[in-house]
Amino acid sequence: MIPAQFDYVRANTIDEALALLAQNEDAKILAGGHSLLPAMKLRLAMPSLLVDIGRIKDLAYIREENGGIVIGAATTHYQIESSDLLKTICPLLPQCAGHIGDVQVRNKGTIGGSVAHADPAGDWPAAMIALNAEMIIASKSGERSVKADDFFVDLMTTAIEAGEILREIRVSKPGGRTGHSYVKMHHPASGFAVVGVAANLSLTSDGKCERASIGITGVAAKAFRPNGVESALNGAALNDETIASAAAHAADDIEANGDLFASADYRKHLAEVYTRRAISAAIKSVPPA
Amino acid sequence: MKIEGTHEIKAPREVVYQAITDPQILQRCIPGCQSLDKTEENTYIATMKAGVGSVKGTFKGNVRLEDMQPPTHYRMTVDGKGAPGFVKGTGIFNLEERNGGTAIAYEGEMKVGGVIAGVGQRMIEAAAKMLAHQFFTSLDKEISGGDGKPVAQ
């Protein structure tokens, strides 16, 4: 279908994009366009102005900085999936990227766009929560940092306010005996997560769980942290029983969503099953002591 | 699609009932409601600019309040149409005195069709819940003045 009429401006810098946003409250930021453009073509979204930040050169990067990892908002899923640096120091990110959509989507879609869009079935939000990522949000008055736990507010709603742009994502470098995994049930048609679970575990020298950090997407209106699972794992010896009993808390106090494909109860059941699998896979990925 | 839930407001039942049947208060509390004009007794024509994230649509439709039994019960029927699709629904509100305040139990049956139902199916339930939550949060502020205390009448 054909979108409603709109203006298009290609911004060369973040400041230019921020100035354009300030001038027009009906403007939308365009990055990879893989969520926004389909909505526009169906006329579900009809912004009067698109501000394209997808070609700002210094907005697509992956590098180590101050002992952490920084990723520019306009970095594509494919750049993350294929990053040798990330495969070495933070394999959860390339693993998660590889689960997104298909090759075309991964080549064009960006991590910043996906995170800012906050689709309830998007893959990145789960990984952002599991990695305790920080979102750096730019505005005309400077920058602020928001933790992943506070960033995802509700269905397609984030902490980004009008006139602000997500500029960078920061993740601390996992150290010691840590393991990661992202497991997902793909929707057979759309490839979106019916359920997606990202797990980030660190183990003590005697093989107990030192700290577990988990994010679940696809189940509720927004990705969330299953606090009950984490507290059951922290300090526990890790075996099939402890993992299963911890995973049973995956959807505690969660109002799950139902649709034609999966009912709310089925999604809650899947959350438990996939949490169990994510934890087991994360433990397997821990390098030997 | 069904949505249901209970929301508690710290105000007497009569006050709450009056608020959720008052078109001016409803207009301020229904997310994105731009106008709610009376056409006949308990019947209104509404314009709503409703949306979630980048997805927004303007809906026009009729709202009718029926089966009114103050201060405990009424039914609201909505019949709206817009560029992204149509919405038809009935919501039943039951008010009960609880903990010195009022519990509003709501039960809605909604039909959504058109483009929004075709491509947004997986999100409609979450969107409806989110809008319901926004409605009750605004209603809370409207009645309690935002500090949880009933305002003087």
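Every chain is numbered from 1 and lettered A, B, ... according to where its sequence line falls, protein lines coming before strand lines. Because the structure is predicted, anything quoted here is derived from the model rather than measured.
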For a quick test of reading the model, state the closest non-hydrogen atom pair linking [X] to [Y] and the distance between them.
X	Y	result
B:Arg122	A:Ala121	NH1-CB, 3.5 Å
A:Ala256	B:Glu125	O-OE2, 4.0 Å
B:Gln121	A:Leu260	OE1-N, 3.0 Å

query = Rounded to the nearest 0.5 Å, what separation is found between the CE atom of B:Met130 and the CE atom of A:Met156?
reply =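 Going from the CE atom of B:Met130 to the CE atom of A:Met156 covers 9.0 Å.
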How about [atom1] on [X], more than 12 heavy atoms from neighbouring residues, nucleotides or ligands closer than 6.0 Å, or not?
X	atom1	result
A:Glu255	CD	no
B:His133	NE2	no
A:Tyr78	OH	no
A:Asp253	CG	no

inquiry  = Within the 4.5 Å heavy-atom criterion, are B:Met123 and A:Asp119 side-chain neighbours or not?
reply    =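 B:Met123 reaches A:Asp119 side chain to side chain.
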ask   = Mind checking whether A:Leu155 and B:Lys129 have side chains closer than 4.5 Å, heavy atoms only?
value =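 A:Leu155 vs B:Lys129: side chains apart.
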Interchain contact, A:His117 with chain B, by part (heavy-atom threshold 4.5 Å) =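 Contact with chain B is through the side chain of A:His117 alone.
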request  = Could you please state which residues from residues 32-45 of chain B sit under 4.5 angstrom from chain A, measuring non-hydrogen atom to non-hydrogen atom, sorted by number, or 'none'?
outcome  =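 Not one residue of residues 32-45 of chain B has a heavy atom under 4.5 Å from chain A.
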